[in-house]
Amino acid sequence: MDKEIKLCFVCTGNTCRSIMAERLLKKIMKDRKIKGLKVSSRGINALGDNISSQAKVILKRFGASDKDRKSIKLKKIDKSTLYVAMTDNIKKQIDGRVISMRDLLGYDITDPYGQGLEVYNETAVQLLEGIDVLLTKILNVRSK
């Protein structure tokens with residue numbers, strides 16, 4: 001088996017986008033029986049807040065885990081982890097192996113914090129598109 005790949009999704013507060021990306025990818029990995037990826041999420045300004053209630057509703061709608069979790073601040077950069085930033089601005093604040101959703105999709109994933117469920121749903125759809133591109137790249141590299 002290939003060496004484990006560590007991915008960490010990063011947004012601002014780790015209550016919406018990055019935790020949604022983490023849990024959506026974990027569901028996809030389970031559904032597709034993808035092994036060898038370790039997935040986490042952090043926020044560059046996380047304050048230990050719980051996952052947003054709207055994010056929980058949308059995660060449940062997409063069949064992913066909606067359980068509570070406190071946000072985690074990105075403190076120490078692990079050189080063996082690939083960081084996936086939600087925006088180019090966040091990417092610039094991370095000193096490590098980092099790509100942005102803009103690199104994968106051509107646009108940033110805007111922060112749905114404080115918005116309605118429709119915005120969170122659109123965010124989840126965008127995240128799934130980015131995750132699909134990311135997974136395709138990872139699995140293509142692995143198959144070589």
Side-chain angles (χ1 to χ4, degrees), residues 1-46 49-74 77-144:
M1 169 160 151
D2 293 292
K3 184 175 169 257
E4 182 176 72
I5 295 173
K6 293 190 280 186
L7 294 175
C8 181
F9 292 102
V10 184
C11 68
T12 306
N14 191 221
T15 61
C16 304
R17 294 171 290 179
S18 59
I19 186 67
M20 288 171 67
E22 173 189 344
R23 292 191 175 168
L24 289 167
L25 177 51
K26 285 180 176 176
K27 180 194 182 315
I28 290 167
M29 288 168 54
K30 183 179 177 188
D31 290 349
R32 297 187 194 171
K33 297 176 176 48
I34 297 170
K35 304 279 188 219
L37 293 180
K38 184 176 181 188
V39 185
S40 62
S41 64
R42 299 288 184 269
I44 54 172
N45 297 322
D49 297 324
N50 205 354
I51 183 172
S52 81
S53 58
Q54 295 93 328
K56 288 172 64 170
V57 169
I58 297 303
L59 285 168
K60 188 172 187 175
R61 185 181 289 173
F62 281 86
S65 170
D66 66 341
K67 72 179 193 223
D68 284 342
R69 193 200 84 181
K70 300 290 185 203
S71 63
I72 303 169
K73 186 175 179 73
L74 178 63
I77 298 297
D78 175 12
K79 296 297 182 192
S80 67
T81 297
L82 175 60
Y83 294 90
V84 183
M86 295 296 126
T87 67
D88 270 357
N89 184 39
I90 293 169
K91 176 183 173 180
K92 292 173 190 163
Q93 299 177 58
I94 301 170
D95 184 30
R97 292 186 342 162
V98 60
I99 60 173
S100 70
M101 283 293 189
R102 179 176 290 276
D103 296 330
L104 297 169
L105 295 170
Y107 57 86
D108 290 333
I109 306 293
T110 55
D111 193 350
Y113 185 78
Q115 305 287 321
L117 285 176
E118 317 77 43
V119 176
Y120 276 82
N121 193 77
E122 180 59 31
T123 298
V125 169
Q126 292 174 350
L127 288 170
L128 286 168
E129 290 171 1
I131 288 166
D132 188 54
V133 172
L134 181 64
L135 267 180
T136 299
K137 289 180 181 298
I138 289 171
L139 296 175
N140 282 343
V141 167
R142 279 205 165 157
S143 66
K144 291 182 179 174

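- With sequence neighbours left out, the side chain to side chain contact (heavy atoms under 4.5 Å, CB included) criterion links S65 to R23, K67.
- Atom CG of L128 sits about 9.5 Å away from atom NZ of K27, to the nearest 0.5 Å.
- The environment of CG in D95 is sparse: at most 12 heavy-atom neighbours from other residues, nucleotides or ligands sit within 6.0 Å.
- Taking a 6.0 Å sphere around NZ of K73, one finds it holds more than 12 heavy atoms contributed by other residues, nucleotides or ligands.
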Evaluation steps, side-chain contact (heavy atoms from CB on, under 4.5 Å), between S41 and R69: CA-CA 11 Å; S41 64; R69 193 200 84 181; 3.5 Å; yes
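- Scored by the side chain to side chain contact (heavy atoms under 4.5 Å, CB included) test, L135 finds L25, I28, R32, I34, L37, I131 as partners (sequence neighbours excluded).
- Here the straight-line distance linking atom CG of L82 with atom NZ of K137 works out to 11.5 Å at 0.5 Å rounding.
- Applying the salt bridge (charged side-chain N to carboxylate O under 4.0 Å, His left out) criterion to K70, with sequence neighbours excluded, gives no partner residue.
- The distance from the CG atom of L74 to the OG atom of S18 is 10.0 Å, given to the nearest 0.5 Å.
- When atom types are taken as modelled, the side chain of N14 and the backbone of I72 share a donor-acceptor pair closer than 3.5 angstrom.
- Between the S71 side chain and the D49 main chain, a donor and an acceptor come within less than 3.5 Å of each other.
- A search for side chain to side chain contact (heavy atoms under 4.5 Å, CB included) contacts involving Q93 returns I44, N89, not counting sequence neighbours.
- Under the side-chain contact (heavy atoms from CB on, under 4.5 Å) rule, M86 has a single partner from T110, V10, I109, which is I109.
- Contact check for R61 versus Y120: no side-chain heavy atoms found under the 4.5 Å cut-off.
- Other residues, nucleotides and ligands place no more than 12 heavy atoms under 6.0 Å from the OH atom of Y113.
- Using a distance-only test at 3.5 Å, with no hydrogens or angles considered, a donor-acceptor pair links the side chain of N140 to the main chain of T136.
- With sequence neighbours left out, N50 forms a side chain to side chain donor-acceptor pair (under 3.5 Å) with D68.
- Remark: side-chain polar atoms of Y83 are not paired, donor with acceptor, to backbone N or O of K91 under 3.5 angstrom.
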Run the numbers on M20 and F62 for side-chain contact (heavy atoms from CB on, under 4.5 Å), then give the verdict. CA-CA 10 Å; M20 288 171 67; F62 281 86; over 6 Å; no
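- Of the possible donor and acceptor atoms, one in the side chain of D108 sits under 3.5 Å from a partner among the backbone N and O of D88.
- Rounded to the nearest 0.5 Å, atoms CD (Q54) and CG (L59) are 11.5 Å apart.
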Before you tell me yes or no, could you show the steps for F9 and M101 under side-chain contact (heavy atoms from CB on, under 4.5 Å), namely the whole-Å CA-CA distance, both residues' side-chain angles and the distance that decides it to 0.1 Å? CA-CA 10 Å; F9 292 102; M101 283 293 189; 4.2 Å; yes
Given the rule in the side-chain contact (heavy atoms from CB on, under 4.5 Å) test, do R17 and T12 qualify, once you have shown the distances and angles that lead to the verdict? CA-CA 9 Å; R17 294 171 290 179; T12 306; 3.2 Å; yes
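- K26 meets the salt bridge (charged side-chain N to carboxylate O under 4.0 Å, His left out) test with E22; sequence neighbours excluded.
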